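It should be emphasised that the depicted structure is a prediction, and the values quoted were computed from it without experimental measurement. The basis for the numbers below is simple: all heavy atoms, side chains too, and nothing from hydrogens, waters or symmetry mates. Convention: sequence-line order gives letters A, B, ...; per-chain numbering from 1.
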4 protein chains.
Amino acid sequence: MKRTKPKFKQIIDAAVVVIAENGYHQAQVSKIAKQAGVADGTIYLYFKNKEDILVSLFQEKMGNFIEKIEEEIAGKQTAAEKLLMLVEKHFSLLAADHDLAIVTQLELRQSNKELRLRINEVLKGYLKVVDQIIIQGKENGEFRADLDVRLARQMVFGTIDETVTTWVMNEQKYDLLKLTGQVHQLLIYGCGFFKPNS
Amino acid sequence: MKRTKPKFKQIIDAAVVVIAENGYHQAQVSKIAKQAGVADGTIYLYFKNKEDILVSLFQEKMGNFIEKIEEEIAGKQTAAEKLLMLVEKHFSLLAADHDLAIVTQLELRQSNKELRLRINEVLKGYLKVVDQIIIQGKENGEFRADLDVRLARQMVFGTIDETVTTWVMNEQKYDLLKLTGQVHQLLIYGCGFFKPNS
Amino acid sequence: MKRTKPKFKQIIDAAVVVIAENGYHQAQVSKIAKQAGVADGTIYLYFKNKEDILVSLFQEKMGNFIEKIEEEIAGKQTAAEKLLMLVEKHFSLLAADHDLAIVTQLELRQSNKELRLRINEVLKGYLKVVDQIIIQGKENGEFRADLDVRLARQMVFGTIDETVTTWVMNEQKYDLLKLTGQVHQLLIYGCGFFKPNS
Amino acid sequence: MKRTKPKFKQIIDAAVVVIAENGYHQAQVSKIAKQAGVADGTIYLYFKNKEDILVSLFQEKMGNFIEKIEEEIAGKQTAAEKLLMLVEKHFSLLAADHDLAIVTQLELRQSNKELRLRINEVLKGYLKVVDQIIIQGKENGEFRADLDVRLARQMVFGTIDETVTTWVMNEQKYDLLKLTGQVHQLLIYGCGFFKPNS
DNA sequence: AATGAATGAGGTTTCATTCAT
DNA sequence: CATGAATGAAACCTCATTCAT
């Protein structure tokens, strides 16, 4: 399996660095090869084409991402606690890797429609986790019974994503992790966690 | 004033159509000129360069957008009513122009960093409107007093944007406008509109 | 006759200024029109095309040039005196019009082969004057009998031209006119004015 | 070192042929590539841009030029002999390569100011050689003590250059080399080689 | 497995010239 | 006579991908 060979990860990590430093449109294959310490042609022994590098990058990094979040969530009971963990992990994982944050929030979004569709495929795993939390919340009465799962998921992902993007665009000047509590509150209130005043 | 001449709008509208149909990277100036019914060179009598077409497109369309929303909002009293109008207008304006929706949600995001920075400048006007609503809501007690304005704004914009993007990516198969009420509810609950159950 | 109308000269003078200030390749017809205070299209009422402006410019300016030199030379007796006057006038006329000097020595030489051939046609009048001086010098014994007229003419023109070009390239920092005597000496010595040592 | 690779010279030689045959402004990169038998893109593995081809062309050819002349001159004793050798080599090298003569005397002069400045840098090496000959001539009494070195150099270069240009413009119909003796005589007389008659 | 020299398609922009007013 | 908005052809350069070694 190619994906397990050392050069596979080596090239992906090089891609993250090169894209973060130079931007998506200035991340030529030759630059990535140089950063990875291999010849241009070697890239094509591990990846079908340039798009494949980027999709693999997202799969690899986001795969880890989802796995870690699922592990942490498994240990929590309530939907609200799970959501808190999700936000915290989402923030902490990106805050821990500045280059990756730049790549996922800013640079990779400049890719063409086809590539973004394939990236969205990868994202679906993450969105399913969110859906499960919301469904659980509705079932056990934490959240409103009339909550639309898809819309709630869009609020959760949209809010988290917009928060991280704003943080990256502000050059990560403030502490993203400190926002966890307030963002979590926005989300669970939006989900009707506390019953509207009766 | 160039921006008032008929060909200025003519070229911008042509750009929207061409980008929506062919994608950002396949929207050559010659295609836009052909669609607009002018010569390639004529484009450059009205725009400094290709980037200027795209920025002007955004300014023109989003400018209208913000103006219309501000007008409608002015007639409303409460922050919740204003937010409802904002969501409704945002959805209805994009639902009314399928091509424009594709361009703003998917295609224009592929532009390079410099162009996106200039687009963000235009967006700031929109975000200010959101901020004002949130501030009013906090002041008159509709919203939580401990609500962080910036985070709330990010939730509002992130949720709306994510909702529209999902709708566009699903090829606009369902009625975006029908989501208005539920999205609005998510947002005002998130803002603590109804006091947590006491 | 078009050439006598005021706008004809007006446009030519504008061309000299624009070319001197912007360089040959940045001297667009529209810039010349603006400098001349006329519309772009008006240029084409007085000149067949852009090349015609440049050839006319050279004819007009160099025509004056040759006329003035011929007048001055007519009053001199010996070939050596005539050559001195030629050098002096050549230097003084270009030193008096810095823009024209830049245009003739640097900018107009960037024109294409065809244009340069037409410019050379105009130059022939000047070269004939030089030839006549050299022939007279040979006939009356001032110059060597074995002097090749064509080569001598090339020395005269080449030396004067190179001197002026160097002066222009040095941004006209020193006094060109002060070189007259020494340049003259180079030329008449080259022509064998003083008999080789016997 | 790129400059030593065979394709470097191959492309430069192709550029000389293409420019000589088509003229400076009709010498597209694609034509040069075709003539050199390489792909368009290959050009850019050896040259930064089109201008770099032309500067390198001049450096390469004129570099050889200056080297050869310096070698030949080293074997001569007097300034007059050295000057004779300079004229002879200058004429013979250009007479031996008709295309190069066209390129250096006519076509390359159409280049823009920046390119010509870089070409002039290369020329300075040639002019230094001339200066040294003149200075030697003055020191050992061959030439006039009051000879201005800079003006004399301008005469030498101006005369030689004008002679070659005229020969090229006359389509190289006559034998340039046969002019060597007479041109040499013009130059050394101009330098006062034979004392003026006393 | 690894290399890296070579390939070649494709698009933005300028500007001389025209012609309807 | 004069205008100036409109035209449209034409070329440099980049970079993902290949393949002989």
Side-chain angles (χ1 to χ4, degrees), chain A residues 2 5-7 11 25-34 36-54, chain B residues 2 5-8 10-11 22 25-34 36-54, chain C residues 2 5-7 11 25-34 36-54, chain D residues 2 5-8 10-11 25-34 36-53:
Chain A
K2 276 182 186 171
K5 297 194 178 170
K7 277 189 183 160
I11 291 167
H25 290 293
Q26 281 306 306
Q28 293 87 352
V29 171
S30 60
K31 257 187 206 153
I32 296 173
K34 197 171 189 179
V38 300
D40 293 17
T42 305
I43 299 269
Y44 291 87
L45 298 174
Y46 296 88
F47 301 90
K48 212 171 66 209
N49 49 36
K50 186 179 178 181
E51 184 179 305
D52 192 29
I53 307 176
L54 304 174
Chain B
K2 275 182 182 171
K5 293 191 181 170
K7 277 192 182 151
F8 181 82
Q10 193 175 328
I11 291 166
N22 301 275
H25 289 292
Q26 281 306 305
Q28 294 88 349
V29 172
S30 60
K31 263 187 201 152
I32 296 174
K34 198 171 189 178
V38 300
D40 293 17
T42 305
I43 300 269
Y44 292 87
L45 296 177
Y46 295 89
F47 300 91
K48 214 169 61 207
N49 49 36
K50 187 178 178 181
E51 182 179 308
D52 191 31
I53 306 177
L54 305 173
Chain C
K2 276 181 185 172
K5 297 196 177 169
K7 277 189 184 161
I11 291 166
H25 290 292
Q26 282 305 307
Q28 293 87 351
V29 172
S30 60
K31 257 187 204 152
I32 297 174
K34 197 170 188 179
V38 299
D40 292 17
T42 306
I43 299 269
Y44 291 87
L45 298 174
Y46 294 89
F47 301 90
K48 212 170 66 208
N49 50 36
K50 186 179 178 181
E51 184 179 307
D52 192 28
I53 307 177
L54 304 174
Chain D
K2 274 183 184 172
K5 293 190 181 171
K7 277 191 182 153
F8 181 82
Q10 193 174 327
I11 290 165
H25 290 293
Q26 281 306 305
Q28 294 89 350
V29 171
S30 60
K31 263 188 201 151
I32 297 174
K34 198 172 188 179
V38 300
D40 292 19
T42 305
I43 300 269
Y44 293 88
L45 296 177
Y46 295 89
F47 300 91
K48 215 169 61 212
N49 49 36
K50 188 180 177 181
E51 182 179 307
D52 191 31
I53 306 177

### Message
Side chain of B:Tyr46, heavy atoms from C-beta onward: which of F:dA6, E:dT17, F:dA11 has the nearest atom to it?
### Response
F:dA6
### Message
What is the distance, to the nearest angstrom, from the CG atom on D:Asn49 to the C1' atom on F:dA11?
### Response
14 Å
### Watson-Crick or G-U wobble mate for E:dT13, both contacts under 3.5 Å
F:dA10
### Task
Nearest whole angstrom, please: distance from the C1' of F:dA6 to the CD1 of B:Ile11.
11 Å
### Query
For F:dA5, does OP1 or OP2 lie under 4.0 Å from any side-chain N or O of B:Lys7?
no
### Euclidean distance, atom CD1 of residue D:Ile43 to atom P of F:dT14 [Å, nearest integer]
13 Å
### Message
Return the CZ to CG distance between B:Phe8 and B:Leu45, rounded to the nearest 0.5 Å.
### Response
13.0 Å
#### Entry: Closest heavy-atom pair and its distance - B:Ala27, B:Ile32
O-CD1, 4.1 Å
### Task
Could you tell me whether D:Val29 contacts a base, only the sugar-phosphate backbone, or nothing, with contacts defined as non-hydrogen atoms closer than 4.0 Å?
sugar-phosphate
## Note on the structure
Whichever of C:Ala39 and D:Ala27 has the more 5' nearest nucleotide on DNA chain F, that residue is C:Ala39
### Message
Measure NZ/C:Lys48 against P/E:dT17 and give the value in whole Å, please.
### Response
10 Å
### Task
Would you give the length of the straight line joining atom CD1 of A:Ile11 to atom CD1 of A:Ile43, rounded to the nearest 0.5 angstrom?
4.0 Å
### Query
Does the side-chain contact (heavy atoms from CB on, under 4.5 Å) test come out yes or no for D:Gln10 and D:Lys7, once each step is laid out?
CA-CA 5 Å; D:Gln10 193 174 327; D:Lys7 277 191 182 153; 3.6 Å; yes
### Message
Quick check: on DNA chain E, is the nucleotide nearest B:Thr42 upstream (toward 5') of the one nearest A:Thr42, or the reverse? Name the residue that is more 5'.
### Response
A:Thr42
### Query
F:dC15 P sits how many Å from A:Lys50 NZ, rounded?
8 Å
### Task
For B:His25 and E:dG11, give me the distance from atom NE2 to atom C1', rounded to whole Å.
13 Å
### Task
Among F:dT3, E:dA2, E:dA5, find the nucleotide with the atom closest to the side chain of D:Leu45.
E:dA5
### Query
Considering Watson-Crick and G-U wobble pairs with both distances under 3.5 Å, what does E:dG4 pair with?
F:dC19
### Query
How many Å lie between CD on D:Gln26 and P on F:dA10, as a whole number?
9 Å
### Query
Among F:dT3, F:dA2, F:dT7, which nucleotide sits nearest the side chain of C:Val38?
F:dT3
### Query
Nearest to the side chain of D:Asp40, which nucleotide is it out of F:dT17, F:dA9, E:dG8?
E:dG8
### Any C:Ser30 side-chain nitrogen or oxygen under 4.0 Å from OP1 or OP2 of E:dC15
no
### Query
Contact class for D:Lys31 vs. all strands (heavy atom < 4.0 Å): base, sugar-phosphate, or nothing?
nothing
### Message
Judged by each residue's nearest nucleotide on DNA chain E, which is more toward the 5′ side, D:Gly37 or B:Gly41?
### Response
D:Gly37
### Query
Can you tell me how far CD of C:Gln28 sits from NZ of C:Lys34, rounded to the nearest 0.5 angstrom?
11.5 Å
### Message
Less than 4.0 angstrom between a side-chain N/O of A:Tyr44 and OP1 or OP2 of E:dA2, yes or no?
### Response
no
### Spacing between B:Gln10 atom CD and F:dA5 atom P, to the nearest angstrom
16 Å
### Query
Checking D:Lys50 side chain against D:Val29 main chain: does a donor-acceptor pair fall under 3.5 Å?
no
